[in-house]
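This report concerns only the one structure given below.
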There are 2 protein chains.
Amino acid sequence: MKVSELVKEMKTTPDTVRYYTRVGLLSPVKSETNGYKHYGVDDQHRLRFILSARKLGFSVNDIDQILTEAAKGKTACPLVRVILEKRLEETEEVFQQTLALRIRMKSAIGEWQTKPNKAPTGHMICHLIEGFNASSGKE
Amino acid sequence: MKVSELVKEMKTTPDTVRYYTRVGLLSPVKSETNGYKHYGVDDQHRLRFILSARKLGFSVNDIDQILTEAAKGKTACPLVRVILEKRLEETEEVFQQTLALRIRMKSAIGEWQTKPNKAPTGHMICHLIEGFNASSGKE
DNA sequence: GCTTGACCTGTGTCCAAGACACAGGTGTAG
DNA sequence: CTACACCTGTGTCTTGGACACAGGTCAAGC
């Protein structure tokens with residue numbers, strides 16, 4: 001299979017496949033005549049797995065470890081459980097950060113509606129940003 | 001001021017300051033004797049502004065534009081309002097994505113608690129990941 | 001057979017926002 | 001004077017692809 005054929009039914013892009021190939025998760029053979037990379041059924045299978053794992057929040061590096069473990073014939077399951085737990089923690093952190101940022105942004109936009117535009121002064125670049133108090137709107 | 005002195009009261013790191021310097025937001029002068037970068041009061045002021053803007057979700061590039069506008073003596077306020085509106089949209093998107101991911105992860109962890117570890121087979125690398133149905137737990 | 005044009009390919013580079021490694025400089029306590 | 005802790009600039013690395021580019025492929029038309 002050529003990269004575009006491999007990509008066809010899976011919901012992903014050629015660039016993504018090429019990236020996975022570059023980091024060694026997929027191992028196509030190079031055509032003698034073309035120079036084109038030829039993917040086999042195992043690659044298709046691995047790709048499907050990679051995409052599933054990515055959707056669950058595993059990093060590409062995580063997936064590499066998991067595949068390596070599985071290639072030895074061992075269960076990757078314990079590793080998978082541990083990693084996902086860790087990734088969940090990180091996602092929780094990102095979630096909280098994003099939540100807080102979103103609140104700050106909305107709060108700023110609201111607060112700015114009653115404020116005029118001003119030219120910068122010697123010690124004030126933008127009074128909107130510098131005058132915004134992140135904790136406003138709290139009480 | 002040396003970089004560590006500049007950093008001291010602001011809540012940031014030398015690496016961050018060096019980065020802002022590298023991209024041209026700060027303009028220290030190079031000491032003849034040391035080679036050390038010497039930051040002035042204006043740099044301190046700009047840094048404070050940059051950090052405030054970063055905390056509100058502006059990208060470093062955004063801030064560059066805003067500073068450029070302000071350097072002409074014009075109001076950067078309209079620009080600031082427009083940019084923040086756009087960044088809020090993006091943050092909203094990230095927020096939704098992260099929220100959904102978090103749910104998927106938690107759902108997977110829950111679902112996996114009753115499942116055993118299994119060795120990989122010819123067409124199953126990890127039955128936990130491959131067997132996880134993202135829409136499970138919905139009905 | 002030949003050519004045109006649409007699409008496809010691999011390779012190389014680029015992105016954000018710093019973090020990290022490293023070799024060397026500085027400053028001070030003894 | 002030396003030992004040692006800390007500080008500095010420069011250069012490279014990170015994630016997960018996206019994008020640019022020059023060239024190759026393939027079917028339609030003449």
Side-chain angles (χ1 to χ4, degrees), chain A residues 1-8 10-39 43 46-47 49-67 83 86-87 90-91 93-94 97-98 101, chain B residues 1-8 10-39 43 46-47 49-67 83 86-87 90-91 93-94 97-98 101:
Chain A
M1 277 185 295
K2 288 183 290 184
V3 60
S4 62
E5 294 166 352
L6 176 61
V7 152
K8 203 143 287 176
M10 324 282 226
K11 223 179 86 188
T12 189
T13 72
D15 273 327
T16 299
V17 169
R18 283 194 264 264
Y19 173 64
Y20 294 157
T21 304
R22 187 148 45 186
V23 299
L25 295 187
L26 300 175
S27 320
V29 289
K30 210 163 183 174
S31 161
E32 293 293 335
T33 66
N34 261 353
Y36 284 15
K37 282 159 185 164
H38 186 77
Y39 295 86
D43 286 314
R46 285 164 80 92
L47 177 56
F49 172 74
I50 295 166
L51 294 176
S52 300
R54 289 287 299 136
K55 210 160 70 181
L56 264 176
F58 290 90
S59 75
V60 171
N61 188 28
D62 291 340
I63 294 169
D64 192 23
Q65 286 182 55
I66 294 166
L67 284 173
I83 293 177
K86 193 161 52 172
R87 295 290 164 256
E90 294 167 4
T91 301
E93 178 64 22
V94 171
Q97 292 297 323
T98 309
L101 173 60
Chain B
M1 275 185 295
K2 288 182 290 185
V3 60
S4 62
E5 292 166 355
L6 176 61
V7 152
K8 202 143 287 177
M10 325 282 226
K11 225 179 84 187
T12 189
T13 72
D15 273 326
T16 299
V17 168
R18 281 194 264 264
Y19 174 64
Y20 294 157
T21 304
R22 187 148 43 185
V23 297
L25 295 187
L26 301 176
S27 321
V29 289
K30 209 164 184 174
S31 161
E32 292 294 334
T33 65
N34 261 352
Y36 285 15
K37 283 159 183 161
H38 185 78
Y39 295 87
D43 287 314
R46 286 165 78 91
L47 177 56
F49 172 74
I50 295 166
L51 294 176
S52 300
R54 290 287 299 134
K55 211 160 69 180
L56 265 175
F58 290 89
S59 74
V60 170
N61 189 26
D62 292 339
I63 295 169
D64 192 22
Q65 288 182 54
I66 294 166
L67 284 173
I83 293 178
K86 194 161 51 172
R87 294 292 164 257
E90 294 167 4
T91 301
E93 178 64 22
V94 170
Q97 291 297 324
T98 309
L101 173 60

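FYI, side chains are in, hydrogens and waters are out, and symmetry mates aren't considered; it's all heavy atoms of this structure. Owing to the predicted nature of the structure, the values given are computational and were not obtained by experimental measurement. Protein chains get the first letters and strands the later ones, always in sequence-line order, with residue 1 at the start of each.
- V94(A) is not listed as a side-chain neighbour of Q97(A), based on a closest heavy-atom distance of 4.5 Å or more.
- Here the NZ atom belonging to K8(B) is positioned 11.5 Å from the CE atom belonging to M1(B), to the nearest 0.5 angstrom.
- For K2(A) and dC7(C), the NZ to P distance is 14 Å, given to the nearest whole Å.
- dA17(C) atom P lies 12 Å from atom CG of D64(B), rounded to whole Å.
- The interatomic distance linking D15(A) (CG) with dC15(C) (C1') rounds to 14 Å, in whole Å.
- Smallest separation of non-hydrogen atoms from Y20(A) and R54(A): OH-CG, 3.6 Å.
- The pair R87(A)-E90(A) counts as a salt bridge, with a side-chain nitrogen and a carboxylate oxygen less than 4.0 angstrom apart.
- Note on Y20(B): a side-chain N or O is less than 4.0 Å away from OP1 or OP2 of dG18(C).
- Considering only heavy atoms from C-beta on, Y36(B) stays 4.5 Å or farther from H38(B) through its side chain.
- Chain A approaches DNA chain D within less than 4.0 angstrom (heavy atoms of the protein), and the contacting nucleotides run 5' to 3' from dG16(D) to dT25(D).
- The nearest whole Å value for the distance from the NZ atom in K55(B) to the P atom in dG18(C) is 14 Å.
- Using a 4.0 Å cutoff on non-hydrogen atoms, the parts of residues 21-33 of chain A near DNA chain D are R22(A), ordered by number.
- If you take OH of Y36(A) and P of dC8(C), they are 10 Å apart, rounded to a whole angstrom.
- Applying the 4.0 Å criterion to OP1 and OP2 of dA17(C), one finds that T16(B) has every side-chain N and O outside that range.
- Here R46(A) contributes atom CZ and L51(A) contributes atom CG; the two are 13.0 Å apart, rounded to the nearest 0.5 Å.
- Residues V23(B) and D64(B) fail the side-chain proximity criterion, which asks for heavy atoms closer than 4.5 Å.
- Using a 4.5 Å heavy-atom cutoff, the side chains of L47(B) and Y39(B) are not in contact.
- R18(B) comes within 4.0 angstrom of a nucleotide base, judged by non-hydrogen atoms across all strands.
- If you take CG of N34(B) and C1' of dT26(C), they are 8 Å apart, rounded to a whole angstrom.
- Along DNA chain D, the nucleotide nearest to S59(A) and the one nearest to Y39(B) differ in position, and the one closer to the 5' end is contacted by Y39(B).
- One distance of note links CD1 of I83(B) with CG of L56(B); it measures 12.0 Å at 0.5 Å rounding.
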